[in-house]
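Before any comments, here is the structure.
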Amino acid sequence: MKPSVILYKTLPDDLLQRLQDHFTVTQVKNLRPDTVEQHADAFAQAVGLLGSSEKVDTALLEKMPALRATSTVSVGYDNFDVDALNARKILLMHTPTALTETVADTLMTLVLSTARRVVDVAERVKAGEWTKSIGPDWFGVDVHHKTLGIVGMGRIGMALAQRAHFGFNMPILYNARRHHEEAETRFNARYCDMDTLLQEADFVCLILPLTDETRHLFGAEQFKKMKSSAIFINAGRGPVVDEPALIAALKNGDIHAAGLDVFEKEPLPVDSPLLSLPNVVALPHIGSATHETRYNMAATAVDNLIDALNGKVEKNCVNPQVA
Ligand code: DGY
């Protein structure tokens, strides 16, 4: 008999088939208590779990005593209680490489669309306001040759630096836990402390995972240190930023604009003050959301689960030490 797994995400047919070739798959719509209750036997027997965007915490793990591996269709794994997984020797697999270039494209989109006010002016065209040659109240600011500050120089930070350096001639500053020699050699990036980055960058791009260390790393103090002409971009995780402090900074002119793909609460509540600010571009967490990349991420997650349950943890494993 094939081992049992729980799938809490819709997969393309060929990937579902690949999963079913290896496992008996129970598909559920989410991991909420009522769903777990409804499929109690399947959860109790499952050795694997695959999906994304749902909390995997102690309460859930208690309902899954046979679980040996989880596979998330994402690079971020802040939905998982990693300590609880480690304590139970459950492997956690993720997709760190499949989405790098696509998320870097999203970041560059946010840089360009905030600086050139793409959404704002396009809406004005649609509203019939383009009735004569445009004047300065429609102008944006340049991106090329401006200084880009990258907070978090991982794979995505590197892909953003590559675009900015070669495509836009932007000097690059970065702050990270350690120096990144390759970024310095290939993109002439300059490591600096956070205060220097905040004071000198024209664009401050956050690409950080959510951890105890990064939660609310950016608040009123950080926004006040930025240039009043600076544009703030976040495509990592929403709770890295104190959102009311960001809203205040945008309203009182501490910073010029913000391009956001992530928020403290997602989906972003429709009454969020961010949505009524003309200097904000708000996207619905589309960082990796292209057909190609989401397919590749799902394929990686399926392979990851097969590998993990066969004891192969050389790549894409967050906690190989528990194998
Ligand atoms: C991730 O993979 O963590 C992204 O946020 C999903 O788009």
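The first residue of the sequence shown is numbered 1, and numbering continues consecutively from there. The shown structure was predicted, so the numbers you read here are calculated from the model rather than taken from an experiment.
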Return the set of residues passing salt bridge (charged side-chain N to carboxylate O under 4.0 Å, His left out) with [X] (not counting sequence neighbours), or none when no residue passes.
X: Arg215; result: none
X: Asp242; result: none
X: Lys312; result: Asp307
X: Glu62; result: none

Practice task
List the steps and the verdict of side-chain contact (heavy atoms from CB on, under 4.5 Å) for Cys205 and Leu160.
Solution key: CA-CA 9 Å; Cys205 290; Leu160 174 64; 4.0 Å; yes
Side-chain cluster (under 4.5 Å, hydrophobic types only) that [X] belongs to, other residues:
X: Phe43; value: Ile6, Tyr8, Val28, Leu31, Val36, Leu49, Val56, Leu60, Leu61, Met64, Leu67, Tyr77, Phe80, Val82, Leu85, Ile90, Leu92, Val318
X: Trp138; value: Val121, Val125, Trp130, Ile134, Phe139
X: Leu91; value: Val313, Val322

Taking all non-hydrogen atoms of both residues into account, name the closest pair between [X] and [Y] and its distance.
X: Ala258; Y: Leu250; answer: N-CD2, 3.8 Å
X: Ala115; Y: Ile231; answer: CA-CD1, 3.7 Å
X: Ser53; Y: Asn79; answer: CA-ND2, 3.5 Å
X: Ala183; Y: Met158; answer: CB-SD, 3.5 Å
X: Leu305; Y: Ala69; answer: CD1-O, 3.7 Å
X: Gly287; Y: Asp261; answer: N-OD2, 2.7 Å

Handout entry: Those residues that, when tested against Asp78, pass side-chain hydrogen bond (donor to acceptor under 3.5 Å, both in side chains) (two or more places apart)
Key =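 Expected list: Arg237.
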Are [X] and [Y] connected in the hydrophobic side-chain network, where two residues link if heavy atoms are under 4.5 Å apart?
X: Leu50; Y: Leu99; answer: yes
X: Ile207; Y: Leu260; answer: no
X: Val75; Y: Leu210; answer: no
X: Leu110; Y: Met153; answer: yes
X: Leu197; Y: Phe187; answer: no

Handout entry: Stepwise salt bridge (charged side-chain N to carboxylate O under 4.0 Å, His left out) check, Arg190 with Glu200
Key = CA-CA 12 Å; Arg190 175 160 70 88; Glu200 293 186 14; 2.7 Å; yes
Assess, by modelled atom type and distance only, whether the side chains of [X] and [Y] contain a donor and an acceptor separated by less than 3.5 Å.
X: Thr293; Y: Asn296; result: no
X: Asn188; Y: Glu184; result: no
X: Thr109; Y: Thr106; result: no

Exercise for the section: May I have the step-by-step check of salt bridge (charged side-chain N to carboxylate O under 4.0 Å, His left out) for Glu181 and Arg186, ending in yes or no? Expected result: CA-CA 8 Å; Glu181 254 176 57; Arg186 285 179 62 199; over 6 Å; no
Test your reading of the model: is there a side-chain donor-acceptor pair from [X] to the backbone of [Y], 3.5 Å cut-off?
X: Gln222; Y: Gly219; result: yes
X: Thr214; Y: Leu217; result: no
X: Glu264; Y: Gly238; result: no

Handout entry: Euclidean distance, Ser74 OG relative to Lys9 NZ, rounded to 0.5 Å
Key =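 Interatomic distance, Lys9 NZ to Ser74 OG, rounded to 0.5 Å: 8.5 Å.
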Completion exercise
Between the CD atom in Glu243 and the OG atom in Ser272, the distance rounded to the nearest 0.5 Å is 5.5 Å
Exercise for the section: Run the ring-centre check on Phe232 versus Phe203 and record whether the distance is less than 6.0 Å. Expected result: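 Ring centres of Phe203 and Phe232 not closer than 6.0 Å.
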Contacts table for residues 145-152: side-chain donor-acceptor under 3.5 angstrom, sequence neighbours left out:
| from | atom 1 | to | atom 2 | distance (Å) |
| --- | --- | --- | --- | --- |
| Lys146 | NZ | Asp142 | O | 3.0 |

Exercise for the section: Please assess Lys315 against Asp303 for the test salt bridge (charged side-chain N to carboxylate O under 4.0 Å, His left out), listing each intermediate value before the final yes or no. Expected result: CA-CA 11 Å; Lys315 62 177 174 102; Asp303 290 342; over 6 Å; no
Problem - Trace of the side-chain contact (heavy atoms from CB on, under 4.5 Å) decision for Val119 with Thr114 - result: CA-CA 8 Å; Val119 177; Thr114 45; over 6 Å; no
Practice task
Output all residues satisfying ring pair (Phe, Tyr, Trp, His ring centres under 6.0 Å) with His216, sequence neighbours left out; order by chain, then residue number.
Solution key: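 In terms of ring pair (Phe, Tyr, Trp, His ring centres under 6.0 Å), with neighbours along the sequence ignored, His216 is linked to no residue.
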Problem - Residue pairs, two or more places apart or on separate chains, that pass side chain to side chain donor-acceptor pair (under 3.5 Å) and touch residues 82-100 - result: Asn86-Asn319
Taking everything shown except [X] itself, do over 12 heavy atoms lie less than 6.0 Å from its [atom1]?
X: Asp137; atom1: CG; value: yes
X: Glu37; atom1: CD; value: no
X: Arg18; atom1: CZ; value: yes
X: Glu221; atom1: CD; value: no
X: Lys126; atom1: NZ; value: no
X: Lys63; atom1: NZ; value: no

Exercise for the section: Inspect the contact between Arg163 and Glu101 and indicate whether a charged nitrogen and a carboxylate oxygen are less than 4.0 angstrom apart. Expected result: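 Salt bridge present between Glu101 and Arg163.
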Problem - Summary of ring pair (Phe, Tyr, Trp, His ring centres under 6.0 Å) pairs that have at least one residue in residues 238-294, sequence neighbours excluded - result: none
Practice task
Go through the steps for Thr102 and Asp105 under the test side-chain hydrogen bond (donor to acceptor under 3.5 Å, both in side chains), then give the verdict.
Solution key: CA-CA 5 Å; Thr102 300; Asp105 286 349; 5.3 Å; no
